[in-house]
There are 2 protein chains.
Amino acid sequence: MSHLSALRPLAFVAALTFSAPTASATALEEGMWLFNAPPADAIQAAYGVQLTPEWLEHVQKSCVRVSTGGSGSIVSAQGLVMTNHHVASDILDKLSTAERNLLDQGFWAPSMADEIPCPDVHLDVLWAIQDVTARVVGAGEGLDSAEAGAARRKAMTEIEDAAKQGTGMHTEVVTLYQGGRYHLYSYKRFEDIRLVFAPEKEIAFFGGDNDNFGYPRFCLDATFLRIYEDDAPYVPEHFLAWGADGAADGELTFVTGHPGSTQRLNTVAHLEYLRGTLVPDNMQGLMRSEVLTQIFMGESAENARVAENDLFSIQNSRKVYVGRMAGLLDPAIFAAKKAEEARLRQTVADNPEWAAQWGSAWDEIAGSRAALVSFRDELNAVGGPGLGVGGALPSYAVALVRMFDEMEKPSGERMRGFGDGSLPGLRQSLSAPIPTYENYEIAQLEWALSRMAEDLGAEHEIVVTALAGRSPRARAEQLILGTQLGDLEVRKRVLEGGKAALDALDDPLVAFVRSLDPYSRGFRQRLEDEVSAVEAGAYAKIAAARFAVLGDSVYPDATFTLRLSYGTIKGYEEGGATIPPFTDFAGVFAKARERQGEKSYLLPESWTGAEGRITGETPFNFVSTHDIIGGNSGSPVINAAGEVVGLIFDGNIQSLIGNYAYSDVQARSVSVDSRGILTSLEEVYGAGRLVEELR
Amino acid sequence: MSHLSALRPLAFVAALTFSAPTASATALEEGMWLFNAPPADAIQAAYGVQLTPEWLEHVQKSCVRVSTGGSGSIVSAQGLVMTNHHVASDILDKLSTAERNLLDQGFWAPSMADEIPCPDVHLDVLWAIQDVTARVVGAGEGLDSAEAGAARRKAMTEIEDAAKQGTGMHTEVVTLYQGGRYHLYSYKRFEDIRLVFAPEKEIAFFGGDNDNFGYPRFCLDATFLRIYEDDAPYVPEHFLAWGADGAADGELTFVTGHPGSTQRLNTVAHLEYLRGTLVPDNMQGLMRSEVLTQIFMGESAENARVAENDLFSIQNSRKVYVGRMAGLLDPAIFAAKKAEEARLRQTVADNPEWAAQWGSAWDEIAGSRAALVSFRDELNAVGGPGLGVGGALPSYAVALVRMFDEMEKPSGERMRGFGDGSLPGLRQSLSAPIPTYENYEIAQLEWALSRMAEDLGAEHEIVVTALAGRSPRARAEQLILGTQLGDLEVRKRVLEGGKAALDALDDPLVAFVRSLDPYSRGFRQRLEDEVSAVEAGAYAKIAAARFAVLGDSVYPDATFTLRLSYGTIKGYEEGGATIPPFTDFAGVFAKARERQGEKSYLLPESWTGAEGRITGETPFNFVSTHDIIGGNSGSPVINAAGEVVGLIFDGNIQSLIGNYAYSDVQARSVSVDSRGILTSLEEVYGAGRLVEELR
């Protein structure tokens with residue numbers, strides 16, 4: 001299921017990882033390319049297909065980024081959006097109640113009037129890209145690295161604010177090549193999103209956690225949303241036509257979506273930090289969360305419903321980290337990274353001018369990683385730079401405390417994420433009618449507090465501050481049962497009344513957050529000064545060295561921004577057997593029979609009843625060589641004519657090493673075939689209105 | 001289920017924990033008393049019941065210790081033994097095949113001829129206790145602490161060997177009061193054990209991991225075995241009569257069994273080590289094992305069967321550690337421990353003679369714990385002193401390598417556990433016809449190798465040695481697919497041929513174990529010299545101080561040897577509600593209906609069909625105030641007349657803190673009622689032969 005979403009349970013961890021500029025000559029079909037620097041010549045040379053500026057603009061403006069951490073595309077003249085069930089699972093979860101579980105049971109709106117508004121979600125369409133490198137880099141010139149970092153952050157927020165004021169668009173300065181380039185991305189943001197169709201989870205996630213990252217697969221991991229403007233379906237300037245004939249084995253196709261992050265070009269010292277510290281810690285932390293969530297879910301059917309979506313998300317991320325750990329512990333992969341770095345460093349060292357300009361960069365990064373290790377446990381204990389301690393209620397308290405504190409400064413001097421441009425989104429999140437569950441909030445806060453004490457020791461100043469003389473359980477109960485922030489009306493009143501209204505609440509959870517905020521801010525500052533700023537400078541040097549040595553036809557590491565990948569539909573060999581690229585509908589029914597009695601392989605009633613109506617040979621899922629990673633979930637697979645032929649939803653287990661290196665030997669992307677989607681809508685769900693709209 | 005078995009997945013960890021002599025005045029009903037020092041006067045005073053020497057001998061010789069890590073009792077004149085289903089689960093697992101799953105489906109032998117021999121299990125009956133303190137302590141006198149430790153270990157093995165030669169019994173010198181006393185325990189050992197009756201796992205473990213450590217409960221966690229001698233049922237000198245009327249609310253009863261270990265009287269520094277290092281590490285390690293085992297089990301129904309029993313054992317231990325962690329993070333409990341220690345230290349400091357003799361002990365233990373922390377990660381990475389890396393096949397290799405190496409020395413100078421007295425048991429384990437499963441062995445070894453690399457770093461000498469240039473997965477495949485030790489005939493040949501035969505195998509797994517053994521032995525030696533020996537001396541001082549200050553009517557921490565607890569059948573208050581002491585048969589059927597559709601609450605067909613035949617009010621499970629802990633599983637609950645009125649199988653969640661402190665407020669033991677057992681045998685299973693034998 002959700003493995004290709006950006007890893008939300010680890011959101012703050014992302015701030016601890018950095019990508020680096022691309023290095024060596026890329027393999028054919030490797031690369032997550034920028035839309036303003038597509039590999040058009042390579043594609044023309046290899047396949048005779050010309051990507052025109054018109055084609056690129058059309059595709060770019062047909063793609064959406066989903067605020068739940070995935071990708072999607074506009075697929076009709078009435079603003080219909082296709083994404084994955086697992087990208088929409090947060091939405092389905094929030095729309096569910098004890099009586100109506102949309103995540104499990106699916107949803108179908110027979111008419112537009114039945115489409116359900118989705119709380120707290122927005123879709124962004126990338127409208128323009130502008131290179132602002134000179135201004136951002138210029139802001140830091142002549143300053144020491146911490147000052148330069150602060151100056152660049154300020155310049156980025158100012159650029160975003162000014163552009164937003166000028167265009168009304170949502171704006172973000174994206175750091176590419178980890179400081180080698182800065183691009184301003186301007187998005188059209190849509191906030192009235194409604195649910196049109198979702199299948200049952202049983203078929204969306206057929207095979208469950210067992211089959212996640214596996215192949216062959218049989219999943220209808222698809223959901224349709226619709227963009228509304230002024231209470232009417234949005235009429236887009238661009239949308240992707242439906243490719244009713246799908247794609248053929250070996251055909252060149254494109255994936256356009258938002259890969260979340262990669263660390264392909266990290267230095268060896270940086271990779272050693274990932275291998276020795278970050279990846280094992282995250283993996284263990286996810287396993288811990290998985291067990292604790294399962295315990296909570298075992299207590300009652302209602303608990304199981306409340307935490308189910310979180311469990312899938314955790315299991316998915318855990319699988320990613322287990323795969324990454326395995327890749328990092330493969331001596332062959334590390335040896336190749338070491339050899340490549342040694343060659344580049346030697347080439348730089350051999351040129352006195354290069355050596356003087358760039359030669360120190362690798363040791364600088366080794367130093368910044370060592371610095372990070374010295375305060376990492378404390379930074380993590382307070383939930384990272386985002387102060388992410390516990391569940392939803394603590395996050396409301398953090399948002400309110402920080403928003404009002406930051407609003408006392410000019411926008412450009414605020415903590416990133418609290419500039420004027422970000423405030424509307426924050427306010428939307430805080431005033432969304434999303435249910436919270438007391439016992440789940442208590443459990444999550446207890447786990448966070450216990451973890452804090454385990455990691456830092458029970459007598460560490462931060463732990464003593466956080467627990468205030470109670471056990472983790474007793475403290476969690478005190479704070480969650482005592483807070484008023486679960487009440488939407490209270491949050492709205494505070495949003496209107498500002499800091500004074502927040503103070504007047506005299507809320508224990510707010511007091512708790514305020515007691516930890518100084519620590520979080522302190523470590524955040526150290527992270528920015530001693531790690532991020534140092535590495536922005538050092539990776540910029542390495543980027544320059546790479547460009548000098550290897551030329552500039554390279555792609556940056558993933559940044560959860562729109563990228564273009566190209567590849568072919570293609571099977572692979574595993575354990576001596578050939579795995580063909582396509583699966584079909586006959587396969588899903590056969591698999592359900594083979595694994596009868598196992599919950600993960602149960603088919604919903606809608607499917608068991610439809611077997612007789614479906615041609616067994618109709619393609620259902622397929623694999624291809626596209627270079628994708630978490631965040632690409634929901635990306636369309638399109639042919640050279642720009643038609644949708646598939647919907648990315650997974651990568652196989654061999655693709656997990658893609659975080660560090662691309663391979664086309666066994667690594668594959670996994671998609672739902674466009675024919676599989678249409679057949680399901682027509683024959684299983686009788687969703688005629690939707691089928692006509694797509695055709 | 002299995003929470004009261006000694007925690008087998010953590011067996012080696014036990015060597016890292018130490019118990020200390022008992023301290024403060026004990027509460028009424030507190031205590032795990034020695035059979036040669038029973039609290040007869042306290043019981044006489046409080047209840048007017050006199051424990052005679054005859055009663056004590058009769059009960060002692062009616063109890064058995066089960067080699068799978070639990071307790072049991074002889075309950076008929078034909079050697080019938082009662083224990084828990086979860087204590088016998090290892091046996092049931094080993095007797096199961098893909099075709100016949102005894103663990104899940106249960107077993108009933110209609111005649112004695114149908115009783116199935118159990119491989120690799122033995123039962124020990126405690127026959128005699130002798131105080132050998134003078135000889136053991138004397139062996140170390142005048143030596144420095146490491147030398148004294150070695151001399152004491154040697155003396156212990158020599159005492160055991162001599163006693164075994166003299167009596168033919170299995171002998172063990174037990175360290176009590178962590179060095180305050182040494183007692184020689186002599187056991188009659190029985191090795192021909194056969195399976196008579198086991199219920200289906202669904203009713204033995206009704207409520208599954210959810211309800212484990214919970215109450216009210218509805219479990220038939222009982223299994224019957226039989227001791228054979230010379231191929232005939234054993235005719236015991238002592239056995240417990242069946243108490244067909246059970247016990248009443250408030251009645252004084254006794255529990256006689258083998259509590260595994262407690263840390264009630266550790267110093268504060270030692271408890272800080274548990275709170276800050278051992279308990280969180282073990283908890284995390286168990287959660288990791290739980291997730292990895294679940295992943296393995298998800299791959300196929302056969303994998304699920306193979307690893308099912310291990311998963312229960314892991315989940316059970318995880319629950320114990322989560323409970324312990326919560327207890328250790330309760331500031332009130334730690335404050336009480338600190339205050340108590342401060343009082344004792346002050347009393348010692350105020351007396352110049354005491355101060356000179358004992359005053360340094362607390363700092364010595366703080367020092368030895370700090371020493372342990374400095375090499376603990378490496379010790380654990382090589383699987384602790386027992387070199388427990390991976391699954392069953394590596395453990396065969398370790399046993400063979402060490403046995404032949406140690407046999408070159410005199411028995412008294414060998415590593416503990418390899419003296420002449422221990423060799424028959426080792427040989428029995430190595431020649432038992434127990435199936436191993438290649439894919440499970442590969443998975444377990446991969447996890448152990450990966451963990452090693454995560455904890456020590458991929459470039460640590462031990463990791464480089466263990467991986468030999470491969471990834472954890474590739475190395476595990478190479479070793480498991482390459483070894484011949486899975487073949488029983490090969491193991492038997494090696495056992496006969498000795499070291500030369502082992503060398504001639506040229507087995508990669510043996511070579512792997514040999515490459516790690518020097519590290520394991522080195523850290524084991526440091527553990528013995530820098531921790532165990534130092535603490536044996538220091539805790540002996542604290543024991544002397546405690547006896548001087550508090551008198552000598554105290555019990556030692558648990559040591560997996562026979563103890564007597566006394567208490568009453570008694571309900572408790574929780575969340576404002578009163579939980580009555582007894583549950584009944586009507587309750588189990590009601591619960592199954594309430595949680596319909598959940599796998600953990602499914603009743604077996606034998607039960608659903610029997611509802612009409614059973615009187616709903618018949619007692620099924622009950623709680624009592626007895627002081628028990630892991631290892632007590634399978635202990636009989638007996639009345640003052642020495643009759644069986646129940647069968648211990650669990651403690652409630654509030655009892656988990658019992659590792660550190662006894663409480664009778666909410667902490668309770670959980671038992672199957674003798675009436676519940678008999679009614680089940682008669683009305684559900686029609687086990688008339690067994691019912692007659694018990695009556």
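Each chain gets a letter, A, B and so on, in the order the sequences are listed, and its residues count up from 1.
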Taking all heavy atoms of [X] and all of [Y], pick out the closest pair and write down the distance.
X: Ala443(A); Y: Phe296(A); value: CB-CD1, 4.0 Å
X: Val464(B); Y: Ala458(B); value: CG2-O, 3.8 Å
X: Ala466(B); Y: Leu449(B); value: CB-CD2, 4.0 Å
X: Val389(A); Y: Ala381(A); value: CG2-O, 4.2 Å
X: Pro280(A); Y: Leu274(A); value: CD-O, 3.4 Å

Counting backbone as well as side chains, what donor-acceptor pairs lie under 3.5 Å between chain A and chain B?
from: Asn210(A); atom 1: ND2; to: Gly298(B); atom 2: O; distance (Å): 2.8
from: Arg275(A); atom 1: NH2; to: Glu459(B); atom 2: OE2; distance (Å): 3.1
from: Gln294(A); atom 1: OE1; to: Gln294(B); atom 2: NE2; distance (Å): 3.4
from: Gln294(A); atom 1: NE2; to: Gln294(B); atom 2: OE1; distance (Å): 3.4
from: Gly298(A); atom 1: O; to: Asn210(B); atom 2: ND2; distance (Å): 2.8
from: Gly298(A); atom 1: O; to: Arg595(B); atom 2: NH2; distance (Å): 3.1
from: Lys338(A); atom 1: NZ; to: Glu459(B); atom 2: OE2; distance (Å): 3.1
from: Glu459(A); atom 1: OE2; to: Arg275(B); atom 2: NH2; distance (Å): 3.1
from: Glu459(A); atom 1: OE2; to: Lys338(B); atom 2: NZ; distance (Å): 3.1
from: Arg595(A); atom 1: NH1; to: Glu299(B); atom 2: O; distance (Å): 3.4
from: Arg595(A); atom 1: NH2; to: Gly298(B); atom 2: O; distance (Å): 3.1

query: Side chain, backbone, both or neither: which part of Leu328(A) has an atom under 4.5 Å from a heavy atom of chain B?
result: neither
statement: side-chain contact (heavy atoms from CB on, under 4.5 Å) filter on Ala453(B), not counting sequence neighbours, yields Leu329(A), Val463(B)
- prompt: From Leu445(A) CG over to Ile480(A) CD1, what is the distance, rounded to the nearest 0.5 angstrom?
  reply: 5.0 Å
message: Please identify, among Ala332(B), Pro472(B), Gly276(B), Gly214(B), the residue contributing the most non-hydrogen atom pairs under 4.5 Å to chain A.
response: Pro472(B)
message: Is Met297(B) in contact with chain A via its backbone, its side chain, both, or neither, using a 4.5 Å heavy-atom distance?
response: neither
- request: Below 4.5 Å from any heavy atom of chain A, which atoms of Leu456(B) appear? Answer side chain, backbone, both or neither.
  value: neither
